[in-house]
Amino acid sequence: MANHTQVAVIGGGLVGKATAVAAANAGFSTLHVAPDAPVDRRTSALMGPSVDYMIDAGLIDDPETLGTPLTRIRIIDATGRPLRAPETVFSASEIGHRAFGWNFANARLGESFSQAAAGNENLDRRAATLKSASRVDGVWHLELGDGGTLTAELLVGADGKGSSVRKAAGISMRERKFDQAALVCDLELERGLDGESVEFHYPNGPFTLVPAGGNRANLVWIDRLETLEDARREPEHLISLLNAKSGHLFGTISAASPSFVFPLSLLSVDVAGRDAAVLVGESAHAFPPIGAQGLNLGLRDVANLNACLKAANPGSYGWADAVARSYGGARRGDLTRTGAFVGGLFTSLLSPHLPAQALRSVGLWGLKTIPLLRKQAISFGMGQ
Ligand SMILES: Cc1cc2nc3c(=O)[nH]c(=O)nc-3n(C[C@H](O)[C@H](O)[C@H](O)COP(=O)(O)OP(=O)(O)OC[C@H]3O[C@@H](n4cnc5c(N)ncnc54)[C@H](O)[C@@H]3O)c2cc1C
């Protein structure tokens with residue numbers, strides 16, 4: 001391995017893999033510092049623009065072979081509150097599309113991204129963690145967990161919520177940790193979802209069934225951590241809860257995988273790039289998984305960074321500072337808007353206060369009945 005690289009990408013999640021491929025394809029010598037990690041058991045609903053980016057960047061071929069199309073989204077207010085929202089259905093055909101996007105298993109996406117990286121002569125991978133990073137005389141000096149050292153011109157943090165790159169670059173963040181967590185597992189339904197994602201809104205968070213092909217569904221259940229831990233202690237207890245929470249709408253439900261629980265928080269940064277360091281994915285933003293925004297936003301980070309790298313002149317003095325500056329400026333609006341949208345949606349859903357509940361109900365009435373508002377909401381949800 002060379003001990004100097006133009007771009008070092010830290011973190012081997014989906015966003016890190018996509019970034020490493022983008023930097024290498026843009027012609028930069030790239031080192032991907034990606035420790036071996038447990039299989040990512042999450043699934044991701046990715047909207048049309050994200051899927052288009054993955055195809056254009058060579059990360060996936062045909063989404064049909066890898067994922068399941070999402071044709072409708074149904075929201076059911078199951079809060080039992082006096083001010084309830086109406087049941088609302090969004091259909092991709094309203095905007096002239098066959099599907100809003102596709103639902104993918106993160107593990108399958110990861111394999112496809114790794115295949116896209118294989119054989120790229122600009123790209124090396126090191127299965128190590130980043131131990132420390134400091135910038136001396138305009139160059140990043142990196143120390144790795146396996147004892148290796150190297151220098152890099154541009155440092156990319158794709159190292160998740162606890163990002164070491166963010167700390168090394170001195171970028172400040174705010175994080176609000178929730179009492180809620182998300183339980184995920186695969187389910188087999190007696191009656192399949194037929195392309196429809198169904199979100200039941202409960203007072204402690206949504207309970208969402210996402211189509212995963214045939215009668216298979218991916219469950220994302222948000223509730224208080226202790227409720228979820230208690231629910232999954234006994235498999236039979238979990239199944240009877242899932243049947244009840246899905247309103248018995250899909251016949252008998254059975255588990256098709258073990259369940260996994262993820263803690264939830266709302267994380268934002270002051271700026272996503274400066275001093276020749278940039279942050280992509282959850283190192284820069286994290287939300288509860290409602291409205292399917294997290295990885296979609298992460299892939300928009302990668303697309304933006306890709307554009308900044310393609311516009312850069314790597315022979316010029318200070319090119320990496322310029323990339324970080326332009327990336328930081330380009331990402332500001334999207335990160336602020338998306339963070340405010342998802343944070344607002346989540347807190348209004350959980351809020352015990354009548355004004356917030358009223359606002360949410362009125363909002364959903366508006367989305368149900370006002371075509372222009374529906375179109376705008378759909379465009380926003382799709383990241384357009
Ligand atoms: C239950 C759930 C459901 C979701 N559903 C959706 C959805 O439907 N649609 C959507 O768009 N988003 C969804 N998301 C969000 C999405 O999963 C995340 O936004 C995305 O996976 C984050 O990817 P990442 O690569 O930024 O971070 P991560 O996947 O957290 O990867 C970070 C990587 O950095 C590595 N790392 C950490 N520290 C170091 C270090 N010091 N050195 C080297 N490597 C390091 C870690 O090992 C890890 O591999 C969901 C999230 C959850 C929790």
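Whatever order the structure lists ligands and atoms in, that order sets their numbers, starting from 1. What you see is a predicted model, and the numbers here were worked out from it, not measured in a lab.
Residues passing the ring-ring contact (aromatic ring centres under 6.0 Å, His included) test with Phe178, sequence neighbours excluded: Phe346.
Distance from atom 46 (C) of ligand 1 to its nearest protein heavy atom, with residue and atom name: Gly12 N, 5.0 Å. Closest to atom 51 (C) of ligand 1, if we only count protein heavy atoms, is Arg42 CD, 3.8 Å. If you check which protein heavy atom lies closest to atom 45 (C) of ligand 1, you get Asp159 CB, 3.8 Å. Residue, atom and distance of the protein heavy atom nearest to atom 7 (C) of ligand 1 are Ala45 N, 3.4 Å. Ranking the protein heavy atoms by distance from atom 31 (O) of ligand 1 puts Gly13 CA, 3.6 Å first.
Backbone and side-chain nitrogen or oxygen atoms of Glu282 are examined, and one is located within less than 3.5 angstrom of a nitrogen or oxygen of ligand 1.
With a 4.0 Å heavy-atom cut-off, ligand 1 is reached by the backbone of Ala158 but not by any atom from C-beta on. Within the 4.0 Å heavy-atom criterion, neither part of Lys161 lies near ligand 1.
There is a side-chain donor-acceptor pair under 3.5 Å between Thr151 and His4.
Near Gly160, the atoms of ligand 1 lying under 4.0 angstrom from a non-hydrogen atom of the residue are 32 (C). Below 4.0 Å from some heavy atom of Thr129 lie the following atoms of ligand 1, by number and element: 42 (N), 43 (C). Less than 4.0 angstrom separates some heavy atom of Leu14 from each of these atoms of ligand 1: 25 (O). Interface atoms of ligand 1 facing Ser164, defined by a heavy-atom separation under 4.0 Å, are 41 (N).
Ligand 1 is approached by Thr43 to a heavy-atom distance shorter than 4.0 Å. Using a non-hydrogen distance threshold of 4.0 Å, Gly298 does not register as a contact of ligand 1.
Checking side-chain atoms of Lys167 against main-chain N and O of Gly162 turns up a donor-acceptor pair under 3.5 Å.
Salt bridge absent: Glu199 and Arg74 never bring a charged side-chain N and a carboxylate O closer than 4.0 Å.
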